[in-house]
Chemist: 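This structure is in structure tokens; I'll ask about it shortly.
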There are 2 protein chains.
Amino acid sequence: MRVSLKDVAAHAGVSIKTVSNVVNNYQHVTPAMRERVQRSIDALGYRPNLAARHLRKGRTGIIALALPELGNPYFAELAAAVIDSAAEHDYIVLLDHTGGRREQEMLVSQGFRARVIDGLILSPIELEAKDFRDRAEHVPLVLLGERDYDLPYDHIAIDNVAAARAAVSHLVSLGRRKVAFIGARRGRSQPAQLRVQGWREELTAAGLPSDEGLVAATDGWGHADGAAAMAHILDGGERPDAVFAYNDPMAIGAMRVLHERGLRVPEDIAVVGFDDVLEGRFSAVTLTSVSPDKAAIGRLAVESVLARLHDAAPEPHRIWADYRLVERESTLGRPSGTGGAGA
Amino acid sequence: MRVSLKDVAAHAGVSIKTVSNVVNNYQHVTPAMRERVQRSIDALGYRPNLAARHLRKGRTGIIALALPELGNPYFAELAAAVIDSAAEHDYIVLLDHTGGRREQEMLVSQGFRARVIDGLILSPIELEAKDFRDRAEHVPLVLLGERDYDLPYDHIAIDNVAAARAAVSHLVSLGRRKVAFIGARRGRSQPAQLRVQGWREELTAAGLPSDEGLVAATDGWGHADGAAAMAHILDGGERPDAVFAYNDPMAIGAMRVLHERGLRVPEDIAVVGFDDVLEGRFSAVTLTSVSPDKAAIGRLAVESVLARLHDAAPEPHRIWADYRLVERESTLGRPSGTGGAGA
DNA sequence: TTGAAAGCGCTAACAT
DNA sequence: ATGTTAGCGCTTTCAA
């Protein structure tokens with residue numbers, strides 16, 4: 001804030017423009033001049049004032065990332081990926097979390113929370129397509145997450161239906177016949193829809209039941225919700241031989257309940273999660289999980305925003321990220337004679 | 001970026017100043033005028049340009065939070081607390097992560113990563129006191145974390161020595177006589193120092209050994225490091241009856257290894273972690289842990305930066321946040337006849 | 001290759 | 001209570 005271009009110019013006995021040229025690495029500056037100006041810059045400890053630059057250029061170098069919940073390790077890991085990708089493009093990331101609450105998501109989407117940004121990456125839970133219709137905000141928006149939208153924005157996601165089918169298919173191939181789903185959403189909005197759909201499709205294809213008694217709805221998606229859902233299913237008299245959870249924390253919460261009730265994983269009940277968070281690799285019974293390529297999602301999201309920012313963007317479209325099923329003890333059982341926790 | 005004060009002024013048929021008055025909630029504006037201007041603002045969808053405001057006022061409304069690792073749930077939860085506290089003061093948070101690497105921490109501390117901020121909250125791992133000496137950056141800096149610094153900055157932390165002593169004291173009171181520590185740092189910098197110190201002091205006070213064979217050094221502080229450290233101790237022929245881990249992920253990694261080797265927690269070896277992350281409440285054996293008041297830490301950090309920003313700050317000083325020891329199954333054992341996971 | 005000057009959108013000092 | 005205006009520090013024509 002202290003020393004400006006003007007000061008440097010005065011010190012070096014040149015014009016402001018010349019200093020600016022040096023600062024911005026403009027081509028046509030004689031080495032001698034560059035040298036001389038640089039000396040003044042160093043002497044005075046000049047640092048460009050970004051606010052002025054931003055005002056002039058209309059860009060801030062900041063993109064916002066709005067996630068439902070940082071406490072969920074999937075989102076934390078995703079945030080790390082976005083920050084790293086942004087840094088590669090000299091962008092920094094403003095982080096916001098919405099708690100998955102509609103009002104917060106609205107504020108974010110409308111740009112009321114952060115008004116200094118060049119672009120926005122949003123992972124909505126509650127927001128419906130219509131909520132975006134009257135979006136006055138003009139900065140590029142990129143959507144993340146497992147829902148299907150019909151909106152003129154890029155949307156980065158993995159194929160949730162296929163991924164869910166892969167998870168269930170794995171269970172079926174292991175001989176499981178009664179596969180429960182935990183983590184369907186109670187109430188209006190239904191982010192789990194695609195995973196429920198994949199679950200149902202695969203079971204139907206295998207000639208297995210997917211009735212409502214096997215689906216447990218929850219309010220949230222944390223460990224505690226998974227535990228409650230698992231307890232609910234068992235208390236309801238159902239006794240599945242496998243559980244597919246909306247995400248890893250829920251799966252781990254469910255495993256905790258199974259453990260408390262003396263049910264063995266996977267012998268009595270196999271468990272598959274979703275997101276492949278670190279935690280699942282070190283639980284007493286390591287967790288089989290669908291593993292989305294988080295680094296790719298972060299990278300694609302950043303690249304999408306920036307492309308749109310630079311007008312180099314194609315029609316808004318769905319962008320698929322990769323995923324794979326990582327099979328661990330919660331479905332395969334404990335490999336005999338092994339040591340460390342699996343990858 | 002599109003519509004400016006000038007546009008609104010023209011649309012409403014008033015001066016720029018009047019519009020500015022309305023936007024900034026200036027007192028002396030007649031309701032009628034306010035109404036009229038507001039209508040134009042809404043009609044045109046005016047949004048203040050923060051870059052311009054920033055240039056003029058020298059403030060951005062942004063504080064940066066630089067954490068070592070978002071993947072560590074403790075830091076993720078802390079970030080959430082900071083974001084929420086900042087929001088209460090109409091500040092937004094730029095998030096950065098350093099990976100605990102010295103160069104990254106230097107860049108952050110010197111302000112090279114984010115140059116649009118009013119203040120900085122930094123949780124350093126590698127940085128030494130001397131690294132801060134020639135800090136050219138002028139924005140207020142607040143330090144977080146378990147190290148002792150002798151620096152002219154506010155430093156928010158819990159009393160790590162006392163907290164570690166409380167953890168070890170708990171183990172000793174349970175009759176444990178051989179308490180290992182995992183998570184001392186290999187190499188130069190030693191963030192775990194205070195926790196090691198508390199561990200040693202309490203053992204010494206109890207007349208119990210704290211020799212080097214009971215301390216396992218690691219490179220990082222993740223699940224895998226905890227697992228490796230635990231394995232290392234057991235392979236080294238030591239057979240502690242309790243383990244105090246630098247943090248929860250390490251404790252959980254250690255428990256995984258104990259589980260693999262058929263050792264029971266807590267019957268054979270009791271385990272205490274640090275940070276009280278969600279994960280420890282749902283592990284097969286729930287984890288006893290030191291629970292820092294994360295919400296308070298986040299709040300105090302934000303308040304410190306803002307106070308310094310507004311010149312309302314006292315001498316830089318150490319600010320203690322609260323903590324407590326949460327006792328769970330990994331030391332107490334499984335309570336008979338209980339259901340859900342403990343708080 | 002370098003200089004002069006306009007103006008990005010806003011706030012604040014001053015004027016009315 | 002409202003209007004006028006200077007200027008924050010920078011980039012960018014345009015001119016030399």
Side-chain angles (χ1 to χ4, degrees), chain A residues 1-41 44-62 90 111 114-118 137-139 310, chain B residues 1-41 44-62 90 111 115-118 138-139 310:
Chain A
M1 313 276 182
R2 213 55 124 300
V3 29
S4 76
L5 275 189
K6 200 157 68 174
D7 302 320
V8 178
H11 184 273
V14 298
S15 83
I16 288 185
K17 177 61 184 352
T18 305
V19 183
S20 174
N21 283 343
V22 172
V23 170
N24 293 289
N25 270 311
Y26 182 62
Q27 294 295 348
H28 308 286
V29 185
T30 56
M33 181 58 93
R34 186 179 298 280
E35 167 78 21
R36 173 162 143 220
V37 171
Q38 187 60 52
R39 220 190 298 279
S40 292
I41 289 177
L44 299 180
Y46 169 76
R47 300 271 301 279
N49 177 324
L50 287 219
R53 188 176 282 177
H54 293 161
L55 174 57
R56 185 60 234 230
K57 314 226 306 188
R59 292 273 167 76
T60 61
I62 303 178
D90 281 322
R115 299 178 290 185
V116 266
I117 59 173
D118 290 345
E137 197 52 22
H138 50 277
V139 305
H310 298 125
Chain B
M1 317 278 178
R2 211 59 120 302
V3 27
S4 75
L5 276 188
K6 199 156 71 172
D7 302 321
V8 179
H11 184 273
V14 298
S15 83
I16 285 186
K17 177 62 182 356
T18 306
V19 182
S20 173
N21 283 343
V22 172
V23 171
N24 292 289
N25 269 311
Y26 182 63
Q27 294 295 347
H28 309 284
V29 184
T30 56
M33 180 57 92
R34 187 180 295 282
E35 166 79 20
R36 174 163 142 219
V37 172
Q38 187 60 52
R39 222 190 298 278
S40 292
I41 288 177
L44 299 180
Y46 168 76
R47 305 283 299 286
N49 177 325
L50 285 225
R53 185 177 284 177
H54 175 203
L55 175 59
R56 187 61 235 232
K57 313 221 309 186
R59 292 273 166 77
T60 60
I62 303 178
D90 281 322
R115 299 178 291 184
V116 269
I117 59 173
D118 290 346
H138 49 278
V139 304
H310 299 124

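A note on names: the letters A, B, ... follow the listed sequences, proteins ahead of strands, and every chain is numbered from 1. It should be emphasised that the depicted structure is a prediction, and the values quoted were computed from it without experimental measurement.
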Chemist: Of all the heavy-atom pairs spanning A:Arg47 and B:Gly111, show the shortest one and how long it is.
Modeler: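 Heavy atoms of A:Arg47 and B:Gly111 come nearest at NH2-O, 3.6 Å.
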Chemist: If you look at every heavy atom in A:Ala52 and B:Leu55, which pair is closest and at what distance?
Modeler: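 Closest heavy-atom pair between A:Ala52 and B:Leu55: CB-CD1, 3.7 Å.
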Chemist: Could you give the angle between the helix axes at the two ends of the helix from C:dT1-D:dA16 to C:dT16-D:dA1, with five pairs per end, rounded to 10 degrees?
Modeler: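 Terminal axis comparison yields 40°.
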Chemist: Distance-only, no hydrogens or angles: does the B:Asp118 side chain make a donor-acceptor pair with backbone N or O of B:Arg59 under 3.5 Å?
Modeler: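 Such a contact is absent between B:Asp118 side chain and B:Arg59 backbone.
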Chemist: Could you check how far NZ of B:Lys6 sits from C1' of D:dT5, rounded to whole Å?
Modeler: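 Taking NZ of B:Lys6 and C1' of D:dT5, I get 13 Å after rounding.
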Chemist: In whole Å, what is the span from the CG atom of B:Asp7 to the P atom of C:dC8?
Modeler: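 Going from B:Asp7 (CG) to C:dC8 (P), I get 10 Å.
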Chemist: Is any side-chain heavy atom of B:Asn21 closer than 4.5 Å to a side-chain heavy atom of B:Val37?
Modeler: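 Answer no - side chains too far apart.
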Chemist: What are the two closest non-hydrogen atoms of A:Arg53 and A:Val23, and how far apart are they?
Modeler: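 Closest heavy-atom pair between A:Arg53 and A:Val23: NH2-CG1, 3.7 Å.
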Chemist: Round to a whole Å and report the spacing from CG of A:Asn21 to P of D:dT13.
Modeler: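 So the CG-P distance, A:Asn21 to D:dT13, works out to 13 Å.
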Chemist: Please name all residues satisfying side chain to side chain contact (heavy atoms under 4.5 Å, CB included) with B:Gln38, sequence neighbours left out, ordered by chain then number.
Modeler: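 Here the qualifying residues are B:Val22, B:Ile41, B:Asp42.
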Chemist: Do A:His54 side-chain atoms and A:Leu50 backbone N/O form a donor-acceptor pair below 3.5 Å?
Modeler: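 Yes, A:His54 side chain to A:Leu50 backbone: donor-acceptor pair under 3.5 Å.
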Chemist: Looking at side-chain heavy atoms only, is the closest gap between A:Leu5 and A:Ser20 below 4.5 Å?
Modeler: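 Touching, per the 4.5 Å side-chain cut-off.
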Chemist: How many Å lie between CG on B:Asn49 and C1' on C:dG7, as a whole number?
Modeler: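 Interatomic distance, CG of B:Asn49 to C1' of C:dG7: 13 Å.
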Chemist: Would you say C:dT2 has OP1 or OP2 under 4.0 Å from some side-chain N or O of A:Thr18?
Modeler: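 Checking C:dT2 against A:Thr18, no side-chain N or O comes under 4.0 Å of OP1 or OP2.
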Chemist: Would you please confirm or rule out a distance under 4.0 Å between OP1 or OP2 of C:dG3 and any side-chain N or O of A:Ser15?
Modeler: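 For C:dG3, OP1 or OP2 has a side-chain N or O of A:Ser15 closer than 4.0 Å.
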Chemist: With sequence neighbours excluded, what pairs up with A:Arg39 under the side chain to side chain donor-acceptor pair (under 3.5 Å) test?
Modeler: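 Partners of A:Arg39 under the side chain to side chain donor-acceptor pair (under 3.5 Å) test: A:Glu35.
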Chemist: At a cut-off of 3.5 Å, list every protein nitrogen or oxygen paired with a nitrogen or oxygen from nucleotides 11-15 of chain C, distance to 0.1 Å.
Modeler:
from, atom 1, to, atom 2, distance (Å)
C:dT11, OP1, B:Asn24, OD1, 3.4
C:dT11, OP1, B:Arg53, NE, 2.6
C:dT11, OP1, B:Arg53, NH2, 3.3
C:dT11, OP2, B:Ser20, OG, 3.3
C:dT11, OP2, B:Asn24, ND2, 3.3
C:dT11, O2, B:Arg56, NH1, 2.5

Chemist: Find the distance B:Tyr26:OH to C:dC10:P and express it as a whole number of Å.
Modeler: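 B:Tyr26 atom OH is separated from C:dC10 atom P by 19 Å.
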Chemist: Could you tell me which residues satisfy side chain to side chain contact (heavy atoms under 4.5 Å, CB included) with A:Arg56, sequence neighbours excluded, listed by chain and number?
Modeler: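 A:Arg56 satisfies side chain to side chain contact (heavy atoms under 4.5 Å, CB included) with no other residue.
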Chemist: What parts of residues 29-41 of chain A reach DNA chain C, counting only heavy atoms under 4.0 Å away?
Modeler: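 Close to the strand are A:Val29, A:Thr30, A:Met33.
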Chemist: Taking the side chain as C-beta and beyond, is there a heavy-atom pair between A:Arg36 and A:Val14 under 4.5 Å?
Modeler: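 They are in side-chain contact.
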